[in-house]
Amino acid sequence: MAGGVAKNDQWRLAEVSGLERDRALLGRSSTAERVADILRDRITEGYFPPGARLSEESIGGALGVSRNTLREAFRLLTHERLLVHELNRGVFVRVVTVEDLDDIYRVRTLVECAAVRGLGEGPYGARTTEGIAAIEAAVRAGEAASDDREWQDLSTANIRFHQAIVALAGSPRTDELMRGVLAELRLVFHVMADPRRFHAPYLTRNRQIVEALQSGDAAEAEQLLLSYLEDSRRQLSGAYAQRIAEG
């Protein structure tokens with residue numbers, strides 16, 4: 001499957017001019033962490049699809065960084081399970097397994113539901129109110145994307161919705177954990193290549209969750225979220241397993 005995906009997106013690998021625009025983001029303090037941030041964004045955007053081989057020469061040249069810096073960035077993203085190193089072949093964007101997908105949802109359920117549960121009953125303070133406003137903004141962005149039939153924007157809005165839910169916990173470490181988990185999840189959606197099917201049906205449920213939070217009913221929001229995640233896991237896992245089996 002990896003070879004097929006890479007072949008279909010060969011033009012993306014040959015064309016690295018887009019990365020040259022990212023060089024300005026590095027500033028004068030070109031570090032492996034900043035390079036990893038850029039590549040992480042590009043991977044989650046689908047610029048480098050699952051199964052694609054990453055060329056040290058072309059990427060390093062486009063970003064203007066040394067081979068050692070780039071290899072350290074690759075190492076960081078491998079630790080995040082976004083890349084995989086294959087002996088004598090190079091570094092590739094990882095293809096998530098069905099077992100990985102189920103585990104991703106296990107982590108999401110533990111973290112997202114705990115973030116909501118920790119709010120307790122309303123009314124809430126200023127920090128939580130601002131957090132709920134961020135969730136509302138993500139819901140509105142998703143609804144607008146759906147109205148405009150911008151399905152990739154809908155996918156991005158849905159990811160931001162869940163990031164904003166986790167942010168309710170007020171924990172930078174949890175935010176970082178979820179950033180990696182959701183980035184890995186987007187690798188699955190790039191293989192499915194049908195964001196409308198997997199995101200549009202949940203817009204109404206997103207709205208229900210944020211309305212429960214706005215009313216101060218965290219318990220109801222948690223139950224809605226728990227049901228949401230389980231239904232999403234079941235639907236996506238089944239479809240992804242079929243896609244993997246088809247190669």
Side-chain angles (χ1 to χ4, degrees), residues 41 44-46 101-102 104-171 174-190 192-240:
D41 288 342
T44 56
E45 290 166 3
L101 178 57
D102 287 338
I104 287 169
Y105 270 89
R106 189 176 300 114
V107 173
R108 291 185 66 191
T109 300
L110 288 170
V111 175
E112 293 186 45
C113 289
V116 172
R117 188 184 318 123
L119 297 179
E121 295 184 5
Y124 302 120
R127 186 187 67 79
T128 298
T129 300
E130 290 176 2
I132 294 173
I135 299 173
E136 165 73 22
V139 172
R140 290 199 309 270
E143 292 168 342
S146 180
D147 290 341
D148 295 338
R149 304 178 69 82
E150 296 289 347
W151 307 123
Q152 286 299 331
D153 290 346
L154 172 60
S155 174
T156 298
N158 197 53
I159 291 293
R160 289 176 178 168
F161 170 80
H162 291 284
Q163 287 175 322
I165 285 179
V166 173
L168 292 173
S171 166
T174 304
D175 292 340
E176 183 177 358
L177 168 66
M178 191 51 52
R179 181 184 67 172
V181 169
L182 293 176
E184 195 175 356
L185 180 63
R186 294 201 78 167
L187 295 181
V188 174
F189 288 123
H190 290 316
M192 301 308 298
D194 189 3
R196 178 185 182 183
R197 174 185 175 189
F198 297 104
H199 294 301
Y202 292 91
L203 278 174
T204 300
R205 299 172 80 164
N206 288 355
R207 172 59 63 186
Q208 291 171 340
I209 290 170
V210 76
E211 288 178 353
L213 291 171
Q214 289 169 334
S215 70
D217 194 345
E220 173 65 13
E222 182 186 356
Q223 287 304 310
L224 290 169
L225 180 60
L226 181 63
S227 175
Y228 173 120
L229 290 172
E230 177 54 29
D231 290 346
S232 176
R233 182 202 64 78
R234 188 183 303 110
Q235 179 197 23
L236 184 57
S237 182
Y240 189 66

Please determine whether side-chain contact (heavy atoms from CB on, under 4.5 Å) holds for the pair Leu203 and Val139, giving the CA-CA distance in whole Å, both sets of side-chain angles, and the decisive distance to 0.1 Å. CA-CA 7 Å; Leu203 278 174; Val139 172; 5.8 Å; no
Go through Leu187 and Thr44 one step at a time and tell me if the side-chain contact (heavy atoms from CB on, under 4.5 Å) criterion holds. CA-CA 7 Å; Leu187 295 181; Thr44 56; over 6 Å; no
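In this structure, the separation between CZ on Phe198 and CE on Met192 is 3.5 Å, given to the nearest 0.5 Å. Note: Ile165 CD1 to Arg160 CZ = 15.0 Å, rounded to the nearest 0.5 Å. For the atom pair CD (Glu150) and OG (Ser155), the distance works out to 12.5 Å, reported to the nearest 0.5 Å. Annotation: the span from Gln152 atom CD to His190 atom NE2 amounts to 7.0 Å, rounded to 0.5 Å. Atom CE of Met178 sits about 10.5 Å away from atom OG of Ser171, to the nearest 0.5 Å.
When all heavy atoms of Ile132 and Val210 are compared, the closest pair comes out as O-CG2, 4.0 Å. The nearest pair of heavy atoms linking Arg127 to Ala167 is NH1-O, 4.0 Å. Closest heavy-atom contact between Ile209 and Ala221: O-CB, 4.0 Å. The two residues Leu182 and Gln163 make their nearest non-hydrogen contact at CD1-CG, 3.4 Å.
Checked against side chain to side chain contact (heavy atoms under 4.5 Å, CB included), Glu220 has the following partners two or more places apart in sequence or in another chain: Ala212, Asp217, Leu224. Take Asp41 and apply the side chain to side chain contact (heavy atoms under 4.5 Å, CB included) test, not counting sequence neighbours, and it matches Glu45. Every side chain to side chain contact (heavy atoms under 4.5 Å, CB included) that Glu211 has, sequence neighbours left out, goes to Arg207, Gln214. In this structure Arg196 satisfies the side chain to side chain contact (heavy atoms under 4.5 Å, CB included) test together with Arg149, Trp151, Asp194, Ala200, sequence neighbours excluded. Every ring pair (Phe, Tyr, Trp, His ring centres under 6.0 Å) that Tyr228 has, sequence neighbours left out, goes to His162, Tyr202.
For the pair Asp153 and Asp148, the minimum side-chain heavy-atom distance is 4.5 Å or more.
At a cut-off of 3.5 Å, with distance as the only test, a side-chain donor of Arg186 or Thr156 sits close to an acceptor on the other residue.
Counting only distance, with no hydrogens or angles, the side chain of Thr109 and the backbone of Tyr105 share a donor-acceptor pair below 3.5 Å. Remark: the backbone N or O of Leu154 is not paired with any side-chain donor or acceptor of His199 at under 3.5 angstrom.
With salt bridges taken as basic N to acidic carboxylate O contacts below 4.0 Å, one links Glu230 and Arg233.
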Sequence neighbours excluded and cut-off under 3.5 Å, please list the side-chain donor-acceptor pairs for residues 114-121, or say none.
residue : atom : partner : partner atom : Å
Arg117  : NE   : Glu222  : OE1          : 3.4
Arg117  : NE   : Glu222  : OE2          : 2.9
Arg117  : NH2  : Glu222  : OE2          : 2.8

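Counting non-hydrogen atoms of neighbouring residues, nucleotides and ligands closer than 6.0 angstrom, the CZ atom of Arg108 exceeds 12 such neighbours. Environment of CD in Glu176: sparse, with no more than 12 heavy atoms of neighbouring residues, nucleotides or ligands closer than 6.0 Å.
Considering Ile104, Leu185, Asp102 in turn, Leu185 is the only one that fulfils the side chain to side chain contact (heavy atoms under 4.5 Å, CB included) rule with Leu236.
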